[in-house]
Asker: 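Sharing a structure below in structure tokens format, with a few things to ask.
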Number of protein chains: 2
Amino acid sequence: MARRSIRQPSSTDDLDARKATILEAVVREHIDTAQPVGSSAVAATSHLAVSSATVRSEMVTLEREGYLAQPHTSAGRVPTDKGYRYFVDHLQAGVVGEAQQQQIKDFFANVRGEVEDVLAQTSTLLSQLTSYTSVVVGTGHAQSAILSTQLVSLDARHQLLVTVFADGSVTKHSLLSSFDVSHVEVAEASRQLNALLIGTVLDARVQVPSRNDHVATLVREAVATLHAQAPTLDGEQVFIGGSSKVAEAFDGVETVRQVLAILEQELLVVSLVQDILDQGLSVAIGSEHGFEPLVSCAVIVAPVTIDGHPSGAVGLLGPTRMKYSEAMAAARAVSAQLTQHFDGDDRA
Amino acid sequence: MARRSIRQPSSTDDLDARKATILEAVVREHIDTAQPVGSSAVAATSHLAVSSATVRSEMVTLEREGYLAQPHTSAGRVPTDKGYRYFVDHLQAGVVGEAQQQQIKDFFANVRGEVEDVLAQTSTLLSQLTSYTSVVVGTGHAQSAILSTQLVSLDARHQLLVTVFADGSVTKHSLLSSFDVSHVEVAEASRQLNALLIGTVLDARVQVPSRNDHVATLVREAVATLHAQAPTLDGEQVFIGGSSKVAEAFDGVETVRQVLAILEQELLVVSLVQDILDQGLSVAIGSEHGFEPLVSCAVIVAPVTIDGHPSGAVGLLGPTRMKYSEAMAAARAVSAQLTQHFDGDDRA
DNA sequence: TGTTAGCACTCAATTCTACCGAGTGCTAAC
DNA sequence: GTTAGCACTCGGTAGAATTGAGTGCTAACA
């Protein structure tokens with residue numbers, strides 16, 4: 001995996017007021033038009049009472065300091081990752097529009113179903129709100145206590161182990177015995193499993209029976225199967241919404257392909273989101289996140305907590321020239337509502 | 001939904017041998033090169049001892065009869081949907097290559113985990129084998145008998161209803177009571193639910209208790225919740241693999257976007273696959289499947305059965321100029337292996 | 001010293017033109 | 001029925017000319 005450590009976001013020095021204004025104008029304009037921005041455009045749109053020549057000489061400095069770049073000699077300027085970073089760091093928090101606020105409210109007022117369904121639909125919502133691809137991550141239940149476990153017989157050789165965790169998640173594992181098992185034995189094994197496991201977490205050590213009869217063997221197998229899952233953070237879920245937006249956001253077909261290919265690898269996506277969160281960031285721009293194939297992307301994340309501890313995140317993936325203000329506001333609003341949703345009426 | 005009935009596939013009349021050869025040559029060449037095919041190319045590649053002029057006059061006929069089309073006057077010919085249809089109908093069954101056969105074998109020899117995992121991974125496999133986007137559909141358990149149902153207390157007001165079906169699937173539904181429920185009451189409700197539901201199918205009528213105590217209310221709610229799911233064919237699962245292949249298969253960014261947008265709507269995909277299967281087809285080309293946005297696509301499907309009755313399908317989605325022979329062979333091989341996998345060692 | 005008007009210069013993008021050539025349809029001869 | 005021959009069509013390409021947005025530099029100005 002071609003990962004590198006995430007760059008310090010605060011490495012952007014401060015710019016004097018006029019340079020900052022010019023940089024901001026360039027970023028805004030470029031986000032709007034997707035075109036290189038010229039000095040005269042900046043002189044016109046920004047409210048600096050300055051001629052284009054002055055803007056030009058400032059731009060030379062900004063370029064030398066790495067905030068702007070020139071695609072070719074006779075073109076305008078384009079923001080670099082560092083330029084976007086400065087812009088984002090100095091962005092005052094945006095607010096979500098009336099209509100969108102309403103849409104979010106309506107959604108959470110009407111959403112039904114299990115956690116998984118809610119997360120999946122939230123992902124679609126976030127994508128619709130922003131026109132970017134959205135990622136919703138629900139963290140695993142590795143640290144949740146087991147509430148109940150049950151062994152169900154499918155046929156003489158096959159049993160299904162169903163486990164319910166305190167966070168409301170349910171897992172199933174099929175077991176294949178090398179001998180025929182009676183219903184009575186399954187019931188007894190189920191009883192013993194409950195006695196052993198209820199209240200424990202997945203990686204806890206439990207005392208399994210050492211006898212060699214059917215029931216004991218079954219119990220041992222069940223516990224082993226269950227514990228084998230613990231390290232893989234089983235239950236970590238990813239919901240990706242609006243992957244078709246990728247085709248809108250990027251122009252090169254090849255770029256689209258690469259981004260889609262990344263999104264297919266859900267583990268990668270989870271670790272990407274997790275990394276960004278671990279660094280305490282809410283936005284990773286261009287090469288900041290260290291994923292080669294995503295250099296032309298920016299990723300916005302907002303954590304979701306349940307009962308105060310982190311238990312997931314919502315994210316947005318767009319081009320580096322994305323509408324940071326709106327997108328960040330939407331992500332924040334949705335993550336807040338999601339947090340509230342799970343803390344509140346519905347139990348997660 | 002802009003659906004239309006599927007066209008009869010057998011509406012292609014028969015062509016004389018030479019026309020058939022020419023048509024086939026055009027299709028093969030066009031699939032290979034993505035370019036319009038000229039008469040001289042056909043005269044050269046096909047083993048007809050005929051001049052290009054003869055081919056040309058035959059092509060005029062083929063065009064008049066709707067098998068070929070001309071992008072513009074001075075270009076070669078391109079197959080129409082009808083042309084592809086004839087080609088596919090007269091295609092002798094292809095075989096999968098050595099390496100691919102091996103890859104499939106290895107996959108099914110090593111695949112682990114629950115049905116869902118197997119299906120998801122199968123989808124990825126099929127996509128890798130063919131370089132097309134793959135769809136794996138697992139049909140719901142609406143007709144499966146209930147093996148076990150269990151009510152678990154999350155807290156005083158929230159209970160989780162976990163149901164195991166004979167096909168090995170598990171559902172969960174959370175219930176919210178308007179009153180506090182004790183653990184004893186939950187256990188009793190769970191016991192009663194088992195007595196009521198075990199052995200029934202989802203849409204069966206059962207006699208619920210009419211009393212008004214906590215337990216009876218809980219039981220009623222649980223049954224109602226469960227039965228509310230029956231008509232929605234709950235449990236129908238779609239796994240889409242290799243959506244990034246869409247960006248390779250189609251050139252227009254807009255087409256890519258449209259196809260991705262369709263793939264996002266999983267219900268649509270299921271009904272598409274189902275429709276094609278219902279018509280007894282294994283390939284739907286261009287407008288045959290009646291989905292406007294997918295006119296430039298062909299869809300290949302192959303049914304999967306468990307214990308003899310249909311329980312899913314694998315599918316491939318590519319451009320109309322896809323490699324039918326290879327793709328159909330791969331789909332068939334994978335669906336056969338999948339069928340065997342579920343009938344055999346592992347219980348589904 | 002910072003700002004600005006003026007100006008020459010650069011270079012991608014656009015337009016125009018000519019032309020090539022793959023491919024066609026037609027016809028006359030075999 | 002087949003084919004060689006031929007005039008014709010028209011998309012694609014290559015080159016030249018043009019355009020114009022934008023730059024950097026310089027000299028004058030406040």
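The figures here come from the full heavy-atom set of this structure, side chains too, leaving out hydrogens, waters and symmetry mates. Just so you know, these numbers come straight off a predicted model, no measurement behind them. All chains are named by letter (A, B, ...) in the order of the sequence lines, taking the proteins before the strands, and each is independently numbered beginning at 1.
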Asker: Which whole-number value in Å describes the distance from A:Glu58 CD to C:dG2 P?
Answerer: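 Value for this atom pair: 10 Å.
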Asker: For C:dA28, give the paired nucleotide (Watson-Crick: N1-N3 plus N6-O4 or O6-N4; G-U: N1-O2 and O6-N3; both under 3.5 Å), or none.
Answerer: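 C:dA28 is paired with D:dT3.
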Asker: Spell out, as yes or no, whether a donor-acceptor pair under 3.5 Å connects the side chain of A:Gln265 to the backbone of A:Leu268.
Answerer: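 Not confirmed, A:Gln265 side chain does not pair with A:Leu268 backbone.
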Asker: Specify the separation, in whole Å, of atom NE2 of B:His72 and atom P of C:dT24.
Answerer: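 To the nearest whole Å, that distance equals 11 Å.
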Asker: Identify which nucleotide among D:dG5, C:dT3, D:dT3 has an atom closest to any side-chain atom of B:Arg56, counting heavy atoms from C-beta outward.
Answerer: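 The answer is D:dG5, which lies nearest to the side chain.
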Asker: According to a strict under-4.0 Å criterion, is B:Thr73 in side-chain N/O contact with OP1 or OP2 of D:dC10?
Answerer: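 The answer is yes; a side-chain N or O of B:Thr73 sits under 4.0 Å from OP1 or OP2.
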Asker: Please state how far atom CD in A:Gln70 lies from atom C1' in D:dG22, giving the value in whole angstrom units.
Answerer: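 Those two atoms, CD and C1', are 8 Å apart.
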Asker: Give the residues of residues 20-44 of chain A touching DNA chain C, defined as any heavy atom closer than 4.0 Å, sorted by residue number.
Answerer: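 Result for residues 20-44 of chain A: none.
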Asker: Are the charged groups of A:Asp89 and A:Arg85 less than 4.0 angstrom apart, N to O?
Answerer: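 Salt bridge flag = yes for A:Arg85 with A:Asp89.
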Asker: Is there a side-chain contact between A:Ser51 and the phosphate of C:dT4, meaning an N or O under 4.0 Å from OP1 or OP2?
Answerer: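 Checking C:dT4 against A:Ser51, a side-chain N or O does come within under 4.0 Å of OP1 or OP2.
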Asker: Using whole Å, report how far CZ of A:Arg18 lies from P of C:dG2.
Answerer: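 Interatomic distance, CZ of A:Arg18 to P of C:dG2: 10 Å.
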Asker: Does a donor on one side chain sit under 3.5 Å from an acceptor on the other, for A:Ser243 and A:Thr133?
Answerer: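 No, A:Thr133 and A:Ser243 have no side-chain donor paired with an acceptor closer than 3.5 Å.
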Asker: For C:dT10, give its Watson-Crick or G-U wobble partner with both distances under 3.5 Å, or none.
Answerer: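 When the pairing criteria are applied, D:dA21 turns out to be the nucleotide that pairs with C:dT10.
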Asker: If you check the B:Ala53 side chain, which of D:dT3, C:dT24, C:dT4 turns out closest?
Answerer: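 Nucleotide nearest to B:Ala53's side chain: D:dT3.
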Asker: For A:Met59 and D:dG22, what is the distance between atoms CE and C1' respectively, to the nearest whole Å?
Answerer: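 Result: 10 Å.
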Asker: A:Tyr132 pairs by side chain to side chain contact (heavy atoms under 4.5 Å, CB included) with which of A:Pro319, A:Ser127, A:Cys297?
Answerer: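 For A:Tyr132, the side chain to side chain contact (heavy atoms under 4.5 Å, CB included) test succeeds with only one of A:Pro319, A:Ser127, A:Cys297, which is A:Pro319.
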Asker: Can you name the one residue among A:Glu63, A:Glu65, A:Glu58 that meets salt bridge (charged side-chain N to carboxylate O under 4.0 Å, His left out) with A:Lys19?
Answerer: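 Only match with A:Lys19 under salt bridge (charged side-chain N to carboxylate O under 4.0 Å, His left out): A:Glu58.
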Asker: Which distance, rounded to the nearest 0.5 Å, do you find between the CD1 of A:Ile22 and the OG of A:Ser57?
Answerer: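 So the gap between those two atoms works out to 7.5 Å.
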Asker: Calculate the interatomic distance between A:Leu68 atom CG and D:dT23 atom P; express it in whole Å.
Answerer: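 Distance, rounded to whole Å: 11 Å.
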Asker: When you measure from the side-chain N and O atoms of A:Ser74 to the phosphate of C:dA12, is any distance below 4.0 Å, counting only OP1 and OP2?
Answerer: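 Answer is no, no contact under 4.0 Å.
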Asker: Side chains of B:Ser46 and B:Thr21 only: does a donor on one sit below 3.5 Å from an acceptor on the other?
Answerer: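 Per modelled atom types, B:Ser46 and B:Thr21 side chains form no pair under 3.5 Å.
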Asker: Report yes if at least one side-chain N or O of B:Arg77 is closer than 4.0 Å to OP1 or OP2 of C:dG25; otherwise report no.
Answerer: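 True: B:Arg77 side-chain N/O within range (under 4.0 Å) of C:dG25 OP1/OP2.
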